[in-house]
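One structure below.
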Amino acid sequence: MPVSESRRPVVALVTDAVFPYHRGGKETRYHEIARRLADRAEVHVYTMRWWGEPPREGAVSYHALTPLVPLYSRERRSIRQALVFALGCLTLLVRRFDVIEADHMPYVQLFPLRLVATLRRKRLIVTWHEVWGPAYWRGYLGPLGRVGWWLERLAMRLPDVIIAASPETAERLRERLGDRATIAVAPNGVDLEEIRGAPPAPQRTDLVVVGRLLDHKRIDLLLDAVARLREAGVEASCRIIGDGPQREALHAQAERLGVADLVDFRHDVAGQRELYSLLKAGRVFVFPSAREGFGVAVLEALACGLPVVTTSAPDNLARHLVTRAADGIVCEPSAEAIAVSVQRVLAGSRRDGAPAWVSGFDWDSVTARVAEVVLA
């Protein structure tokens, strides 16, 4: 139903994890877009209870649909959490909103949200970060991967509009849905003004990576590459920024490989300005992820003026950003290839500043694209 011109539209943003309580690409995206979208609409974020007292981010209001349930069981997304959050989404039946904008993960919540949107005669818009596909589901869940892929395919058909976080994700969605689907593209972005104002941290390092410490991020390959470089006589210091289920395993791997003295694990980085300072203190950004729907961390590194080494893993869509940078390298997803590529970049000269095209990914521009869809 159309929104009355006499009042601001009310947007319900639904996502199970929010910044700063949980850090990652989608959390940063919703944080940046929500506070900018609040200049044009009344924005309410519906999530789990991550806080003691609900936070206030400017004009954005936060609401808990469920208690806080751990997102991960060991190193995989928790099925229990997905089901609890999905049930909590039914409470939107009695909330005030004009449109729902939801994150696609972990899929299950899209079914009750479709029901809510239909009963309330409102639009359901879903941001889709990546398409997993049958092969990845099999690797993730084994025999149950068939069920996961069926669930993902069915969930794709629920939104009225899908906002794809990259052109490549949009293309993968169209391959599955055909021309009948309404798909818009609004990529992830960066805060260019804050990046420009962040000075390099005094603690310099050769290599740096940012990301959740999860299996598919393949930080283990980076540690193996650091060990190979040492064997070749190259003492490359490395900073790993992030936290997650693989934290202890990666510390143990660094000790086992005999490179713990070269690796600086930073699990305590709280703010974006500190993050940008630490990025600027590096010489090469290494991103060995096997699966990435866009690659916010890669975009941030490019905006900080770093050359990036990433892999050609088929589901690592961040490689498309790296190929646009003159000094970026996309190599085979192996420790040996990463080590060779890193050595090549370290031996070369570093460019001054970000590539010019990065300016098109400013959060203000991205929010404008999202607003065109959500507030239509």
Side-chain angles (χ1 to χ4, degrees), residues 23-24 74-75 198-290 292 295 297-298 300-302 304-311 313 316 318 322 327-350:
R23 295 176 181 272
R74 296 182 181 174
E75 294 187 16
Q203 305 85 15
R204 302 286 176 160
T205 189
D206 293 313
L207 316 180
V208 62
V209 65
V210 177
R212 287 278 295 164
L213 303 186
L214 300 168
D215 181 65
H216 74 268
K217 296 293 186 179
R218 298 309 312 269
I219 305 299
D220 59 309
L221 283 182
L222 174 56
L223 292 177
D224 285 340
V226 171
R228 287 175 177 267
L229 286 167
R230 170 166 270 181
E231 291 172 1
V234 179
E235 297 285 298
S237 58
C238 175
R239 178 172 293 132
I240 297 172
I241 303 171
D243 206 347
Q246 280 212 317
R247 175 176 177 169
E248 299 304 322
L250 292 171
H251 277 269
Q253 181 186 359
E255 292 285 352
R256 186 173 64 253
L257 292 171
V259 294
D261 60 312
L262 294 175
V263 181
D264 175 26
F265 285 97
R266 290 296 304 271
H267 311 301
D268 59 339
V269 179
Q272 290 299 107
R273 188 178 179 87
E274 181 183 11
L275 172 63
Y276 299 147
S277 290
L278 290 171
L279 282 174
K280 288 183 176 182
R283 295 176 61 193
V284 185
F285 188 83
V286 185
F287 198 69
S289 183
E292 211 69 32
V298 167
E300 290 175 329
L302 291 168
C304 287
L306 270 68
V308 178
V309 172
T310 193
T311 77
N316 174 25
V322 178
D327 52 1
I329 295 181
V330 178
C331 64
E332 290 296 315
S334 68
E336 181 178 0
I338 292 172
V340 169
S341 299
V342 163
Q343 192 167 3
R344 175 179 156 192
V345 177
L346 288 175
S349 59
R350 176 170 170 173

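Side chains are part of it too, since the values below use all heavy atoms of this structure and drop only hydrogens, waters and symmetry mates.
Side-chain atoms of V286 and V342, non-hydrogen and from C-beta on, do get closer than 4.5 Å to each other. Q246 has its side chain out of reach of K217: every pair of non-hydrogen atoms, C-beta onward, lies at least 4.5 Å apart. Side-chain contact between E235 and L262 is present, with at least one heavy-atom pair separated by less than 4.5 Å. Side chains of D224 and L257 form a contact here, defined as non-hydrogen atoms less than 4.5 Å apart. Residues V345 and V309 have side chains in contact (heavy-atom distance under 4.5 Å, counting atoms from C-beta outward).
In terms of modelled atom types and a separation under 3.5 Å, the side chain of R239 and the main chain of A281 share no donor-acceptor contact. A donor-acceptor distance shorter than 3.5 angstrom exists from the side chain of R212 to the backbone of D243, with no hydrogens or angles considered. Between the side chain of D206 and the backbone N or O of C238, no donor-acceptor pair lies under 3.5 Å. Looking only at distances, no side-chain donor or acceptor of S341 sits under 3.5 Å from a matching main-chain atom of I329. Judged by distance alone, with hydrogens and angles left aside, the side-chain atoms of H216 form no donor-acceptor pair with the main-chain N or O of A290 at under 3.5 Å.
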Take R204 and R283 through the side-chain contact (heavy atoms from CB on, under 4.5 Å) test and state the conclusion after the steps.
CA-CA 8 Å; R204 302 286 176 160; R283 295 176 61 193; over 6 Å; no

Derivation and outcome, side-chain contact (heavy atoms from CB on, under 4.5 Å), residues L279 and F285
CA-CA 8 Å; L279 282 174; F285 188 83; 3.7 Å; yes

Would you sort out whether C331 and V340 count as a side-chain contact (heavy atoms from CB on, under 4.5 Å), showing the intermediate values?
CA-CA 9 Å; C331 64; V340 169; over 6 Å; no

Start with the C-alpha gap between R218 and S289, add the side-chain angles, then the distance that decides, and say whether side-chain contact (heavy atoms from CB on, under 4.5 Å) holds.
CA-CA 5 Å; R218 298 309 312 269; S289 183; over 6 Å; no

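With respect to L213, the side chain to side chain contact (heavy atoms under 4.5 Å, CB included) criterion is satisfied by exactly one of R247, H251, E248: R247. A side chain to side chain contact (heavy atoms under 4.5 Å, CB included) with I240 is found for one member of V208, V210, L223 and no other, namely L223.
A337 approaches E332 most closely through the heavy-atom pair CB-O, 3.4 Å. Counting all heavy atoms, side chain and backbone alike, L222 lies closest to P288 at CB-CG, 4.4 Å. Here the closest non-hydrogen pair linking D220 and Q253 is O-NE2, 3.1 Å. Contact detail for A198 and S277: the closest heavy-atom pair is CB-OG, 3.8 Å. Residues E300 and Q272 approach most closely at OE2-NE2, 3.2 Å, considering heavy atoms. Minimum heavy-atom separation, T311 to N316: O-ND2, 2.9 Å.
The structure places CD1 of I219 at 8.0 Å from CZ of F287, a figure rounded to the nearest 0.5 Å. To the nearest 0.5 Å, atom CD of residue Q203 and atom CG of residue L278 are 7.0 Å apart. How far CG of L250 is from CZ of R256: 9.5 Å, rounded to the nearest 0.5 Å. Rounded to the nearest 0.5 angstrom, I338 CD1 and T310 OG1 are separated by 8.0 Å.
Using a 4.0 Å cut-off between a side-chain N of Lys or Arg and a carboxylate O of Asp or Glu, R266 and E274 qualify as a salt bridge. Salt-bridge check for D261 with R230: passed, with a basic side-chain N closer than 4.0 Å to an acidic carboxylate O.
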